[in-house]
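One structure is given here, and the rest of the page talks about it.
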Amino acid sequence: MAKAFAKGLLLSALFSLLAACNDPQSRQIDIDGKTMGTFYSVKVSGDIAISPQQLRRQIDAVLERANDDISTYRADSVLSRFNQSRSADPQPIPRGMADIILMAQRIGRDTGGAMDITVGPLVNLWGFGPDKRVVKAPDARQIDAAKQNVGLQHLKLLSDSRGEWLQKDLPNMYVDLSTLGEGYGADELVRLMARNGITNYLVSVGGAVSSRGVNGQGKPWRVAIQKPTDRENAVQALVDLQGYGISTAGSYRNYFEQDGHRYSHVIDPTTGRPIDHRLVSATVIAPTALEADGWDTGLMVLGSEKALKLAEEKGLAVYLISKTDEGFSAVMTPQFKAFLLQ
């Protein structure tokens, strides 16, 4: 997806993957490439049954199929065809896409609509969609008009013996799965590792990361959460994922400015406007990268206090960074602390 996910452009810089160094004793394969408008990275250690060339071809094929399903930057993707249709009839969708939407609906309900995959009309209105362009802030009339085509209650996921189906009751609804696309891609790579019997790996798509086992030096994989700054090597915290997935949403890199005001790409579905609070970064660790990728966006929309309260209620592993008058402050739930490397 050429520049497919606005979030991906942000998240590609939010993580530093700390793997084995250039040690001659290190037994590690590193494979990197581009996908979903961002980058992917696969690091594998130990003996594997296929060649690095074969593994790269399989990786690219898996991610290409994901693009064909959920890209809004490809006019012929399954999702784009659904968005282009004005029909209220159920449309067939792949199982993987159904899994994304099911997760989005659950997290959307749990966040009170803060995470909403139907927010596409607003994302496009503010210039952060596929037709990204230099924009000026829309007026209230334009925002209200776009909001008429937003709402998870207008989207239904159906399943029968033939497969999965997606249905909308608003002809101009525009579903945007960019908030979960990277997590889905990372999970697809995890499944690819399992099919090949690979048990020591670290995979990432943009800022969605999953790992298992150890690196080429026999040590646990470590992921560095970056400070909210333009310095790419400014590490905020280190975690050992222990087989889980991690994802970060942030508001400070993908934006435009007008009349001295900064407009973030993170849109609040309730107001129809970019978020305007002090939470600048939300990191979530969850059993899958997809789940982490959905929660981080919803928490970003909610802001520091509401996000922390909800994370505590749900028992989520969450790390929040907020801007203060003195700089930045961080807070985490006890569940996140269990992954933290001192």
Side-chain angles (χ1 to χ4, degrees), residues 5-18 38 107 110-111 114-115 128 178-180 182-183 186 204 206-209 222-241 244-255 257 261-268 273-286 289 291-342:
F5 295 143
K7 184 178 176 184
L9 298 177
L10 167 73
L11 290 179
S12 63
L14 281 180
F15 287 93
S16 298
L17 304 182
L18 305 181
T38 184
I107 296 176
D110 288 345
T111 58
M115 207 289 287
F128 296 109
S178 61
T179 54
L180 300 103
E182 292 175 2
S204 70
V209 183
R222 298 186 299 169
V223 175
I225 302 169
Q226 190 180 349
K227 292 181 179 179
T229 172
D230 290 333
R231 291 173 50 225
E232 293 192 8
N233 294 321
V235 174
Q236 177 79 25
L238 290 173
V239 296
D240 174 5
L241 292 181
Y244 282 65
I246 188 171
S247 182
T248 292
S251 63
Y252 58 93
R253 281 208 167 141
N254 193 10
Y255 60 87
E257 292 185 350
H261 189 88
R262 177 178 293 191
Y263 296 95
S264 167
H265 76 286
V266 182
I267 308 296
D268 184 339
R273 300 175 179 274
I275 58 173
D276 188 19
H277 51 58
R278 294 205 165 198
L279 181 61
V280 296
S281 175
T283 298
V284 181
I285 298 177
E291 184 173 356
D293 207 3
W295 273 110
D296 63 6
T297 301
L299 297 178
M300 271 302 305
V301 171
L302 289 174
S304 304
E305 294 183 4
K306 292 181 180 179
L308 182 60
K309 181 180 179 181
L310 181 60
E312 291 174 340
E313 290 175 354
K314 297 294 182 181
L316 302 176
V318 171
Y319 189 96
L320 306 174
I321 303 176
S322 300
K323 185 174 178 57
T324 69
D325 293 337
E326 291 75 32
F328 297 98
S329 66
V331 63
M332 73 186 83
T333 61
Q335 291 81 2
F336 191 94
K337 193 171 183 178
F339 295 90
L340 198 64
L341 293 171
Q342 302 297 331

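One is the number of the first residue; the rest follow in order along the sequence.
For the atom pair CD1 of Ile285 and OG1 of Thr248, the computed distance is 9.0 Å after rounding to the nearest 0.5 Å. How far CE of Met300 is from OG1 of Thr283: 10.0 Å, rounded to the nearest 0.5 Å. Rounding to the nearest 0.5 Å places CD1 of Ile275 at 8.5 Å from CG of Asp268. Glu305 contributes atom CD, which lies 11.5 Å from atom CG of Leu320 (distance to the nearest 0.5 angstrom).
Across every non-hydrogen atom of Ala114 and Val301, the tightest pair is O-CG2, 3.5 Å. Ala186 and Ala208 make their closest contact through CB-O, 3.8 Å (heavy atoms, listed as atom of the first residue, atom of the second, distance). Contact between Ser247 and Asp293 at its shortest, heavy atoms only, is OG-OD1, 3.1 Å. Nearest heavy atom pair, residue Ala307 against residue Leu279, reads CB-CD2, 4.5 Å. Listed here is the closest heavy atom pair of Ala282 and Asp296: O-CB, 3.5 Å.
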**OP:** Would you check, one step at a time, whether the test side-chain contact (heavy atoms from CB on, under 4.5 Å) holds for Leu180 with Met115?
**Re:** CA-CA 10 Å; Leu180 300 103; Met115 207 289 287; 4.1 Å; yes

Original post:
Hey, mind stepping through Ile321 and Tyr319 against side-chain contact (heavy atoms from CB on, under 4.5 Å) and telling me if it holds?
Top reply: CA-CA 7 Å; Ile321 303 176; Tyr319 189 96; 3.7 Å; yes

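The main-chain N or O of Pro274 is never found under 3.5 Å from a side-chain atom of His265 such that the two would form a donor-acceptor pair.
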Tabulate below the donor-acceptor pairs under 3.5 Å that side-chain atoms of residues 327-341 make, not counting sequence neighbours, or state none.
unit_1, atom_1, unit_2, atom_2, d
Thr333, OG1, Leu316, O, 2.6
Thr333, OG1, Val318, N, 3.1
Thr333, OG1, Phe336, N, 3.4

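Residue pairs that meet the salt bridge (Lys or Arg N to Asp or Glu O under 4.0 Å) test with at least one member in residues 311-332, sequence neighbours left out, are Asp110-Lys314, Arg278-Asp325.
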